[in-house]
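Fair warning: this is a prediction, and the values are worked out from it, not measured in the lab. The figures that follow rest on heavy atoms only: side chains count, while hydrogens, waters and symmetry mates do not. Residue indices begin at 1 and follow the sequence shown.
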Amino acid sequence: MDGLIKDYSGRVLLDGDEVRRLQPREIYRKVGLVFQNPDDQLFAHTVFEDVAFGPRNMKFAENEVELRVNAALASVEMADCAHKQINALSFGQKKTGLHCRAPRHGA
């Protein structure tokens, strides 16, 4: 895992590319990390803001951020939770919401 283990033998490939030769930004566009306990990872006040962190951090325009967040939330049937506060979600909803942050959603 980039940043965690640097001294290893063998090869780690990401879409056919050696991870050691990739820039962090190239890796983070494709790989995400989800903790077992969502309360250790969720930090924004609302679901939308939490999911939007990734695309904003990657410098997407705000209209693109909104499109990506809405698509990600819809893909896990949480579009109606976009403006809910994180602490109002059930444990299961929190875990589901974390999957919206995965790179396949662009978030």
Side-chain angles (χ1 to χ4, degrees):
M1 293 176 51
D2 181 61
L4 297 178
I5 302 172
K6 293 288 187 185
D7 187 27
Y8 59 89
S9 62
R11 295 174 46 193
V12 177
L13 302 177
L14 178 61
D15 289 340
D17 296 316
E18 176 66 48
V19 170
R20 290 180 183 164
R21 295 189 182 117
L22 297 173
Q23 295 296 317
R25 188 174 182 96
E26 295 174 286
I27 296 168
Y28 304 146
R29 283 187 180 271
K30 298 177 181 180
V31 176
L33 179 67
V34 177
F35 298 158
Q36 192 167 5
N37 183 348
D39 290 324
D40 292 337
Q41 191 165 1
L42 298 167
F43 58 86
H45 292 290
T46 67
V47 174
F48 184 95
E49 290 301 315
D50 200 82
V51 177
F53 175 79
R56 285 181 178 148
N57 195 43
M58 296 178 80
K59 308 290 189 232
F60 286 111
E62 195 59 31
N63 63 329
E64 181 69 15
V65 170
E66 188 170 340
L67 288 172
R68 288 172 179 258
V69 171
N70 289 334
L73 290 172
S75 76
V76 294
E77 299 179 3
M78 286 191 64
D80 60 325
C81 295
H83 298 289
K84 281 190 175 182
Q85 294 207 357
I86 296 290
N87 61 2
L89 299 177
S90 71
F91 187 77
Q93 287 173 315
K94 289 176 185 178
K95 289 185 83 141
T96 300
L98 282 176
H99 292 285
C100 292
R101 298 167 106 201
R104 68 183 171 89
H105 293 293

Q: Which distance, rounded to the nearest 0.5 Å, do you find between the CE of Met78 and the CG of Asn70?
A: 12.5 Å

Q: Specify the closest pair of heavy atoms between Ile27 and Leu14, including all atoms of both residues, with the distance to one decimal.
A: CA-CD2, 4.0 Å

Q: Rounded to the nearest 0.5 Å, what separation is found between the CZ atom of Arg68 and the CZ atom of Arg56?
A: 13.5 Å

Q: What are the two closest non-hydrogen atoms of Ala52 and Val69, and how far apart are they?
A: CA-CG2, 3.5 Å

Q: Roughly how far apart are Phe91 CZ and Thr96 OG1, rounded to 0.5 Å?
A: 10.5 Å

Q: Quick one: CD on Glu18 to CG on Leu13, what's the gap to the nearest 0.5 Å?
A: 6.0 Å

Q: Do Ile86 and Thr46 come close enough that some side-chain heavy atom pair is under 4.5 Å?
A: no

Q: Ignoring hydrogens, what is the shortest heavy-atom contact between Gly97 and Val51? Give both atom names and the distance.
A: O-CG2, 4.2 Å

Q: Closer than 3.5 angstrom, by distance alone: can the side chain of Glu26 be matched with the main-chain N or O of Gln23 as a donor-acceptor pair?
A: yes

Q: Going hydrophobic residue to hydrophobic residue with side-chain gaps under 4.5 angstrom, can you get from Leu22 over to Val12?
A: yes

Q: So for atom CD, which belongs to Glu77, do other residues, nucleotides or ligands contribute more than 12 heavy atoms lying within a distance under 6.0 Å?
A: no

Q: Drop me the distance from His45's NE2 to His83's NE2, to the nearest 0.5 angstrom.
A: 15.0 Å

Q: How far does CD of Gln85 sit from CG of Asp50, to the nearest 0.5 angstrom?
A: 12.5 Å

